[in-house]
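Read the structure below first, then the notes.
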There are 2 protein chains.
Amino acid sequence: MKTSTATAPYNQVKMHLKQGLAEGRWEPGALMPSEAELVAQFGVSRMTVNRALRELQAEGLIERVQGVGTFAAQLHKISSTLSIRDMREHVESLGRKYQLDLKLRREEAVAAKMAPRLGLKAGAAAFHSVVVHFEDDVPLQLEDRWVNPAAAPRYLEADFSNTTPTQYLLDVAPMWEASYTIEAATPSRQDARYLKIQPTEPCLIITRWTVSRGTPVTLVRLVHPGSRYLLEGHFQP
Amino acid sequence: MKTSTATAPYNQVKMHLKQGLAEGRWEPGALMPSEAELVAQFGVSRMTVNRALRELQAEGLIERVQGVGTFAAQLHKISSTLSIRDMREHVESLGRKYQLDLKLRREEAVAAKMAPRLGLKAGAAAFHSVVVHFEDDVPLQLEDRWVNPAAAPRYLEADFSNTTPTQYLLDVAPMWEASYTIEAATPSRQDARYLKIQPTEPCLIITRWTVSRGTPVTLVRLVHPGSRYLLEGHFQP
DNA sequence: CAGTGGTCTAGACCACTGA
DNA sequence: CAGTGGTCTAGACCACTGA
């Protein structure tokens, strides 16, 4: 029938239920209206209410059991989106001056503990780079990165005057799978020198491992001075 | 026609496209088959391929433009689920012994800087609790929490021998909206004493603010010794 | 058995885009 | 204008649940 004019019927049903949940009209675990009831109430076809319900289910707001019914979900999960944010974009989006200092970039033999995560044998050649990202002349992040040469053979030649290692690698090897850890620790003495902080300053350290099309691409350690960096997230159904 | 037996047709279309994306059959930004082409290729109705495509879009794997076509997405975002994990559940799921030490729980006047986030006026009465969570007799998390009395009037009487503040609050005031920050910092002297760590040890500090049905519920600071705690995440489309 | 959700179809009207 | 995606419908068959 109609299309994006105003709110589509499926979306009206969806918003109606969402608001009811927000208001607590259905306690967590409570039985909600069936598809047939919503069809009667809104005067739309079953496929339309089905879409509304399927989307609410995908968002984790309701649970559905075939043969039984639809229930308000227990909201225990915060689903928040952690972007692989490029430091250049991030800093420039704040209206600050961005600078990148390439401290090291060369081929090195990869250490035994890192090799498997890069899909390489211990001692095999890999690319190693160390970059410091600045916001208004203040070091904001130290990026210590290993790259699988098979995934980005020309990494050593990449020009970082207008791009960043993150951006370059996303371009040549689209990210498909990733894991990360976030921890608090003190920086190494070398890290501290690069970041111009005391070696006792707590740092937020993100370690990220990226795979593209089944090939490990890069293993990166991102060190942020605790006093200058914060991760934020927000969740709203 | 069929139902959950084997793979539903919409899911076959979806998996086919997903695998093509994983293999790099379509570079990011490249034009993908239209709905009409997929209808012909799979011999299913348009609604069926439409569902497959809509779900891939919701997962961020493709982008669709009305009047133009369907395109392989640039994969820049890691969407990972950060749970409000209950420490008791977390520790016990690892097969470890869980203990809770209630250090403080009382009514207090809320500080001016915290009051607005709890929906209260500066100096109004709020509930304040401090709890230490143990894993095998090792302090794993310090939980310093303020609670809006309007959202959980009986918080001071809750029995924490079989539940936790998190669990109790999720039960009485289903979480609807939340924000959090994650940072690295040194603990306060008091925090360090409770956690039995040196005041110089870097800690991972999560500050979380929760709203239920428009009412602020709780503001909590979770302090984790950096040497004992790590946040992990994984992403795969 | 009645009621529930899971899924599919064949057709429809529409808005939007770019040639 | 042809091609694209956005959405809806009325009907269908099915599996599952619990009385």
Side-chain angles (χ1 to χ4, degrees), chain A residues 1-18 20-21 25-74, chain B residues 1-18 20-21 25-74:
Chain A
M1 287 277 163
K2 290 169 290 190
T3 172
S4 53
T5 20
T7 315
Y10 87 88
N11 208 27
Q12 287 182 28
V13 177
K14 187 175 166 183
M15 291 311 166
H16 171 261
L17 295 171
K18 204 161 176 170
L21 288 163
R25 192 180 319 159
W26 301 285
E27 291 296 312
L31 183 64
M32 295 177 62
S34 70
E35 296 194 349
E37 286 167 333
L38 292 167
V39 163
Q41 184 182 344
F42 285 87
V44 296
S45 79
R46 193 179 148 218
M47 276 305 276
T48 299
V49 308
N50 181 267
R51 173 169 175 183
L53 290 167
R54 214 156 10 81
E55 293 190 1
L56 290 171
Q57 183 177 32
E59 291 172 27
L61 295 183
I62 64 176
E63 284 165 15
R64 315 193 73 196
V65 185
Q66 194 176 14
V68 184
T70 299
F71 304 89
Q74 316 282 345
Chain B
M1 290 275 167
K2 290 169 290 189
T3 172
S4 54
T5 21
T7 316
Y10 87 87
N11 210 26
Q12 286 182 29
V13 177
K14 187 175 167 184
M15 289 313 164
H16 171 261
L17 294 171
K18 204 162 179 169
L21 288 163
R25 193 180 319 158
W26 301 285
E27 291 296 313
L31 182 64
M32 294 178 61
S34 70
E35 295 194 348
E37 285 167 331
L38 292 167
V39 163
Q41 183 182 344
F42 285 87
V44 296
S45 80
R46 194 181 146 214
M47 276 305 275
T48 299
V49 309
N50 181 266
R51 174 168 176 187
L53 290 166
R54 216 159 5 84
E55 293 190 2
L56 290 172
Q57 184 176 31
E59 292 172 26
L61 295 184
I62 64 176
E63 283 165 14
R64 314 193 73 196
V65 185
Q66 195 176 14
V68 183
T70 298
F71 303 89
Q74 314 282 345

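Just so it is clear, the values below take in all heavy atoms, side chains as well, and ignore hydrogens, waters and symmetry mates. Below, chain A is the first sequence line, B the second, and so on; all start at residue 1.
- Sequence order on DNA chain D of the closest nucleotides to Asn11(A) and Val65(A) puts Asn11(A) first from the 5' end.
- Summarising the geometry of Leu31(B) relative to Gly69(B), their closest heavy-atom pair is CD1-CA, 4.2 Å, with the distance given to 0.1 Å.
- The two residues Ile62(A) and Leu53(A) have their closest heavy-atom pair at CD1-O, 3.4 Å.
- Comparing dT7(D), dA15(D), dG5(D) against the side chain of Asn50(B) picks out dT7(D) as the nearest.
- Among dG5(D), dC8(D), dT9(D), the nucleotide with an atom closest to any side-chain atom of Tyr10(A) is dC8(D).
- Between His16(B) atom NE2 and Lys18(B) atom NZ the span is 14.0 Å, to the nearest 0.5 Å.
- Nucleic acid contact class of Arg46(B) (heavy atoms, under 4.0 Å, all strands): base.
- At a non-hydrogen distance threshold of 4.0 Å, Ser34(A), Glu35(A) from residues 34-41 of chain A come into contact with DNA chain C.
- Minimum atom distance to the side chain of Arg64(A) is reached by dG5(C), of the listed dG5(C), dT7(D), dT17(D).
- The phosphate of dT4(D) (OP1 or OP2) has no side-chain N or O of Thr70(B) nearer than 4.0 angstrom.
- Look at CD on Gln66(A): it is 5 Å from C1' on dC16(D), rounded to the nearest Å.
- The shortest non-hydrogen separation linking Gly60(B) to Ala73(B) is O-CB, 3.4 Å.
- The partner of dG18(C), taking Watson-Crick or G-U wobble pairs whose two distances both stay under 3.5 Å, is dC1(D).
- Between Arg51(A) atom CZ and dT9(D) atom P the separation is 12 Å, expressed in whole Å.
- For Ala8(B), the listed nucleotide lying nearest its side chain is dC8(C); candidates were dG11(C), dG6(D), dC8(C).
- Here the side chain of Thr48(A) is nearest to one of dT9(D), dA15(D), dT7(D), namely dT9(D).
- Distance, Leu31(B) CG to dG18(C) C1': 13 Å, rounded to whole Å.
- Smallest separation of non-hydrogen atoms from Phe71(B) and Val65(B): CE1-CG2, 4.3 Å.
- Using a cutoff of 4.0 Å between basic side-chain nitrogens and carboxylate oxygens, Arg64(A) and Glu35(A) are scored as salt-bridged.
- Side chain of Met47(A), nearest nucleotide from dG5(C), dT7(D), dA10(D): dA10(D).
- Nucleotide dT9(C) forms a Watson-Crick or G-U wobble pair with dA10(D), both donor-acceptor distances falling under 3.5 Å.
- In this structure, Lys14(A) and Ala52(A) approach most closely via the heavy-atom pair N-CB, 3.8 Å.
- Atom CZ of Phe71(A) is separated from atom C1' of dG5(C) by 11 Å (rounded to the nearest Å).
- For the segment residues 54-61 of chain B, the set of residues with a heavy atom within less than 4.0 Å of an atom of DNA chain C is empty.
- Rounded to whole Å, atom P of dT4(C) lies 15 Å from atom CD1 of Ile62(A).
- In this entry the distance linking NZ of Lys14(A) with C1' of dC8(D) reads 17 Å, nearest Å.
- A donor-acceptor contact shorter than 3.5 Å is absent between the side chain of Glu63(B) and the backbone of Ala72(B).
- Taking every heavy atom of both residues into account, Val39(A) and Arg46(A) meet most closely at CG2-CA, 3.5 Å.
- Between the CG atom of Leu53(A) and the C1' atom of dC8(D) there is a distance of 16 Å, given to the nearest Å.
- Interatomic distance, Asn11(A) CG to Thr48(A) OG1, rounded to the nearest 0.5 Å: 11.5 Å.
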